[in-house]
There are 2 protein chains.
Amino acid sequence: MTTDRKAGRPSLAQVAALSGVSIKTASRALAGEPRVAADTRSRVRDAADQLGYRLNGVARELRRGASTSTLVGLLIGDLANPFYSRLAGGLERELRMRGLQLITASTDEDPEWERRLADALLERRVRGLVIASTATEHAHLAAEHHHGIPFVFVDRPPVALAVDSVLLDNHHGARQAGAHLTAVGHRRIGVVGDLSRLSTHRDRLDGFVDAMRAAGVANWADYLVENAHDVATAERAVLALLGRAPAPTALFTMNNRITLGALRALRGHPAPPALVGFDEVDLGDVLGVSVVAHDPEEMGQRAARLLLDRIDGHRGPARQVVIPTRLLARGSGERPPASPATTAGS
Amino acid sequence: MTTDRKAGRPSLAQVAALSGVSIKTASRALAGEPRVAADTRSRVRDAADQLGYRLNGVARELRRGASTSTLVGLLIGDLANPFYSRLAGGLERELRMRGLQLITASTDEDPEWERRLADALLERRVRGLVIASTATEHAHLAAEHHHGIPFVFVDRPPVALAVDSVLLDNHHGARQAGAHLTAVGHRRIGVVGDLSRLSTHRDRLDGFVDAMRAAGVANWADYLVENAHDVATAERAVLALLGRAPAPTALFTMNNRITLGALRALRGHPAPPALVGFDEVDLGDVLGVSVVAHDPEEMGQRAARLLLDRIDGHRGPARQVVIPTRLLARGSGERPPASPATTAGS
DNA sequence: ATGAAAGCGCTAACAC
DNA sequence: GTGTTAGCGCTTTCAT
């Protein structure tokens with residue numbers, strides 16, 4: 001219990017000294033290299049144990065020169081968002097099969113913090129970096145990219161940087177959602193979205209607007225709310241929408257947190273509006289929530305494959321994988337308008 | 001676009017050469033040290049930009065000697081479990097205020113992988129390590145601990161290692177749940193738990209059994225299922241329990257995933273048994289699920305404070321923080337038994 | 001304000 | 001099978 005507290009950690013030299021061999025032999029013995037006598041090896045190991053020696057990975061990495069790290073970094077907006085955590089899960093499983101370890105850091109959707117995290121990981125020479133970027137500018141990564149460290153962008157595309165990416169089919173998914181609701185007869189549809197600067201938000205909004213145009217709904221912007229980034233904000237936004245006169249007869253909630261907020265707002269509502277959400281939500285099937293679903297694990301898996309390819313030396317141009325979405329009709333999205341659908345806007 | 005691909009990354013020496021100063025001056029200029037002429041500084045910066053230079057943090061760390069890292073590691077069982085991700089969130093917020101960055105890796109509840117992850121992070125000389133350990137043995141961390149790197153165990157206690165920890169009041173919470181159900185009149189209570197080797201599971205089971213003893217329920221073990229580690233397994237386990245004759249009139253699901261599985265299994269059930277879950281679940285309030293709740297963010301926050309204390313040089317003995325639990329009665333746990341409660345076991 | 005030399009802990013070469 | 005030497009890229013003396 002009372003070992004040398006401050007003494008700093010023992011180095012290979014001390015292990016070598018204690019076991020009476022040269023530093024290089026100690027290195028070989030501990031690294032498990034073949035050409036070491038069995039008893040030498042065990043002597044060195046004992047000395048290491050006794051000293052509480054741990055290899056200094058920093059020194060090793062410096063000497064070996066960078067591309068020996070087993071660590072891959074992942075930068076996401078928010079660990080607590082199941083979309084991201086499922087993505088991380090898919091990525092990790094795939095990397096683990098290759099002996100690579102995933103470390104995940106959360107940017108809190110702050111571009112400056114994202115940059116500092118990327119710097120920290122890059123400086124530590126991770127083997128590759130997967131980013132769900134919240135930034136709108138990625139020039140600072142160009143140099144790293146040219147020096148050969150692999151990047152994969154997920155969920156949101158790189159800006160002015162030719163690297164691999166895995167994206168959702170946001171436009172199509174949102175268009176489907178919009179078309180689904182107009183097909184049931186809705187003309188006043190409340191739309192609630194995340195931070196307006198995010199490309200995912202813009203793409204989804206575009207898709208939705210396409211559907212509105214196709215259905216001849218001109219006043220879609222009347223019921224649009226943006227920048228609802230957390231559940232509580234989304235809940236308030238939905239309550240505000242429902243308080244309008246005339247109230248929307250349907251809702252399109254453009255991500256999982258917003259859908260949660262809406263479900264909260266709709267709790268106990270006598271005649272709830274129709275609801276379609278983007279992203280799956282926990283218990284969505286049990287609750288009968290219609291959603292535009294997709295597979296975050298697959299997204300992670302595909303990202304891992306692109307990355308592994310590059311680690312293996314693939315040199316081709318940037319590739320883009322698009323993950324499909326599909327509408328799951330479970331009840332909430334099929335409720336017809338309670339009042340005549342054409343009351344407003346004509 | 002066609003920069004030197006293979007050329008390896010530029011070093012400080014190259015930046016120095018290009019800007020016509022010594023290597024040390026270049027170092028000073030880029031590190032933002034005061035005693036550098038303004039035009040020298042800008043010349044060096046230009047050269048660095050032109051070369052796509054990035055500081056080699058590995059070399060810096062080797063030279064500076066370990067305790068300058070801004071990275072703190074977190075090892076958890078599963079990123080996709082909201083309990084862990086909320087814990088990570090609380091931890092991260094607190095660390096960020098001190099300029100420290102959190103990197104999280106997932107052990108998948110595999111002790112061997114946990115060990116390898118700990119090794120990888122420790123070798124990279126993280127500033128501290130927070131672990132929700134799935135292992136039952138932590139001797140290999142003792143040496144690191146003695147060399148002064150701070151550990152904090154969360155959710156599950158360290159074994160034979162005197163380090164700080166933040167734990168839930170599992171025993172009390174589970175006892176409350178059991179007492180709540182017997183108070184409503186239940187005598188046949190299905191209990192579904194996670195991996196039996198986990199201390200959290202054992203503590204919760206002990207607490208529940210205490211409540212059964214206090215209520216004079218002797219046959220509690222008849223309806224016990226363990227090792228239900230994921231939602232699907234839990235769902236099957238609950239269905240199997242409900243198929244018994246006589247069927248349990250109530251369920252105690254001992255963690256959030258198991259509760260999700262139970263909710264799935266109970267979907268559309270004409271006369272669902274009472275249900276109390278351990279851990280909060282998403283939409284738990286909307287769905288009326290009674291739970292033994294606690295605050296994972298607080299757990300993370302407290303862990304961060306213990307860690308920061310140690311980083312700041314605190315030398316006292318290991319401290320243990322216990323996070324309280326409280327029963328939230330929302331409906332599902334208050335349903336009375338459908339059939340006479342005393343049918344079985346007397 | 002700038003530079004020269006030493007060295008952090010390790011491993012790759014090349015001895016022996 | 002084992003030892004010697006050199007050097008990864010940086011920062012720290014200590015000079016100038």
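Each chain gets a letter, A, B and so on, in the order the sequences are listed, and its residues count up from 1.
Not counting sequence neighbours, the partners of Arg60(B) by the side chain to side chain contact (heavy atoms under 4.5 Å, CB included) test are Leu55(B), Arg64(B). Evaluation of the side chain to side chain contact (heavy atoms under 4.5 Å, CB included) rule for Arg93(B) yields Glu297(B) as partners, not counting sequence neighbours. Contacts of Arg302(B) classified as side-chain hydrogen bond (donor to acceptor under 3.5 Å, both in side chains), with partners at least two apart in sequence or in another chain: none. Under the side chain to side chain contact (heavy atoms under 4.5 Å, CB included) criterion, Ser27(A) pairs with Leu12(A), Lys24(A), sequence neighbours left out. Glu114(B) meets the salt bridge (charged side-chain N to carboxylate O under 4.0 Å, His left out) test with no other residue; sequence neighbours excluded. When the side chain to side chain contact (heavy atoms under 4.5 Å, CB included) test is applied to Arg319(A), the partners found at least two apart in sequence or on another chain are Asp164(A), Leu306(A), Asp309(A), Arg310(A), His314(A). Taking Arg98(B) as the reference, Asp312(B) meet the side-chain hydrogen bond (donor to acceptor under 3.5 Å, both in side chains) condition, with sequence neighbours excluded.
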| query | Please, what dot-bracket string fits DNA chain D when only Watson-Crick and G-U pairs with both distances under 3.5 Å count, crossing ones use [ ] and pairs to another strand use |? | reply | ||||||||||||||||

| task | Sugar-phosphate means primed atoms, P, OP1 and OP2; the rest is base. With that split, encode nucleotides 7-16 of chain D 5' to 3' as B, S or - using protein heavy atoms under 4.0 Å. | result | BBBBBB----

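Once you apply a 4.0 Å limit to the heavy atoms of chain B, the touched nucleotides of DNA chain C run 5' to 3' over dA1(C) to dG9(C).
Residue pairs meeting the ring pair (Phe, Tyr, Trp, His ring centres under 6.0 Å) criterion with at least one member in residues 117-139 of chain B, sequence neighbours excluded, are His138(B)-Phe153(B).
Here the side chains of His147(B) and Pro10(A) are in contact, with some heavy-atom distance below 4.5 Å.
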Show me, pair by pair, the donor-acceptor contacts under 3.5 angstrom made by side chains of residues 73-80 of chain A, not counting sequence neighbours?
{"residue": "Asp78(A)", "atom": "OD1", "partner": "Ala80(A)", "partner atom": "N", "Å": "2.9"}

